[in-house]
Amino acid sequence: MDPQLFVWIVARATGVAAYIALCLSILSGIALRTSVLDFLATNRALRALHDFMTWVWIPLGLAHAVSLLLDRTAQITPLDLVVPFQVSYAPLAIGLGTLSLDIVLVITVTSWLRRRLDDRLWRWIHRASYVAFVTLFLHALLSGTDFSSPLISSISWSAALGIGLLAASRIFFGRLPE
Amino acid sequence: MPSWSLKLSALFITLFVLAGSFDYARGHVKNPNAPLQPPVAEGPAASGIAPTPSPAPTIGPLLTTRPGQRAPTVTPGPRLTLAPGVQSATLAPITLTHTS
């Protein structure tokens with residue numbers, strides 16, 4: 001297989017997989033504060049899943065970014081992975097992905113440093129994951145090459161719907177006592 | 001459900017999506033419905049080779065006159081509005097209706 005074709009296919013596949021892994025991470029995170037998934041597992045198990053999924057989406061997200069860097073057609077530079085809205089041909093669609101990556105990385109790093117941070121500050125930073133998910137979804141919708149595929153589209157919309165339902169449950173029904 | 005079972009299920013779902021997406025992308029390399037279509041062909045400026053201008057065509061006299069014959073006067077004809085990309089030559093316009 002042509003190397004350029006290979007990195008293009010890897011970029012698309014890892015993009016979809018990273019989206020799903022991040023959705024599962026967010027879903028398990030919201031489920032910690034609601035009773036919606038009580039029938040499935042305990043909070044301890046959901047917390048373990050939430051922490052575990054970080055180690056699943058990080059390599060997939062990195063593979064997505066690196067393969068797009070190597071793909072000459074995508075025309076992504078290392079700066080575009082950090083600074084959003086810089087790409088010449090689709091600044092919004094690709095910039096939303098960069099913004100999402102930036103937010104998620106800040107959330108992840110602050111979670112690793114949680115014991116050194118003020119608890120209220122950490123919680124507010126962690127709530128930015130809702131913003132990160134919205135930007136990620138818009139990035140997938142506006143730039144996803146395979147989003148027009150019925151199967152991939154239904155998976156992506158289902159994951160977004162699941163997060164939306166859990167977020168609504170969190171807002172309207174409150175959270176479990178700690 | 002124990003935590004290891006949740007982790008395994010989530011990992012399996014992710015890997016299944018990864019493999020399925022890879023297979024789908026391999027089967028559909030070019031998607032004409034994709035929202036992003038980055039420019040593929042590089043322009044002449046990007047390739048570093050300056051384009052060479054093509055020489056202007058030259059033609060001989062359009063009309064010859066016999067000895068003693070007065071040269072016909074050339075009256076300017078109607079002006080044409082050319083579409084972009086069509087270049088006008090510096091030659092005299094061919095607007096004669098003279099017949100010998």
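When reading the values below, keep in mind they use all heavy atoms of this one structure, side chains included, and skip hydrogens, waters and symmetry mates. Throughout, a chain's letter reflects where its sequence line sits, starting with A, and its residues are numbered from 1.
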Side-chain donor-acceptor pair under 3.5 Å between A/Thr110 and A/His126, yes or no?
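Short answer, no.
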
Taking atom types as modelled and ignoring hydrogens, do the side chains of A/Asp80 and A/Thr98 form a donor-acceptor contact shorter than 3.5 angstrom?
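The answer is no; no qualifying pair exists.
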
Pick from B/Arg26, B/Lys7, B/Met1, B/His28: which one has the most heavy-atom pairs with chain A under 4.5 Å?
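Ranked by contacts with chain A, first place is B/Lys7.
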
Contact origin within [X] toward chain B - heavy atom pairs under 4.5 Å:
X        : result
A/Ser148 : side chain
A/Tyr19  : neither
A/Val56  : side chain
A/Ala21  : both
A/Leu142 : backbone
A/Ser88  : neither
A/Leu46  : both

Can you confirm if the aromatic rings of A/Phe52 and B/Trp4 lie within a centre distance of less than 6.0 Å?
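Centroid distance B/Trp4-A/Phe52: not below 6.0 Å, so no.
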
Could you tell me if the ring centre of A/Trp112 sits under 6.0 Å from that of A/Trp122?
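No: the rings miss the under 6.0 Å criterion.
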
Assess whether side-chain contact (heavy atoms from CB on, under 4.5 Å) is satisfied between A/Trp8 and A/Thr145, documenting all intermediate values.
CA-CA 11 Å; A/Trp8 172 231; A/Thr145 301; 3.4 Å; yes

Member of A/Leu105, A/Ile103, A/Val109 meeting the side chain to side chain contact (heavy atoms under 4.5 Å, CB included) criterion with A/Ile107
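Among A/Leu105, A/Ile103, A/Val109, the one that satisfies the side chain to side chain contact (heavy atoms under 4.5 Å, CB included) with A/Ile107 is A/Ile103.
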
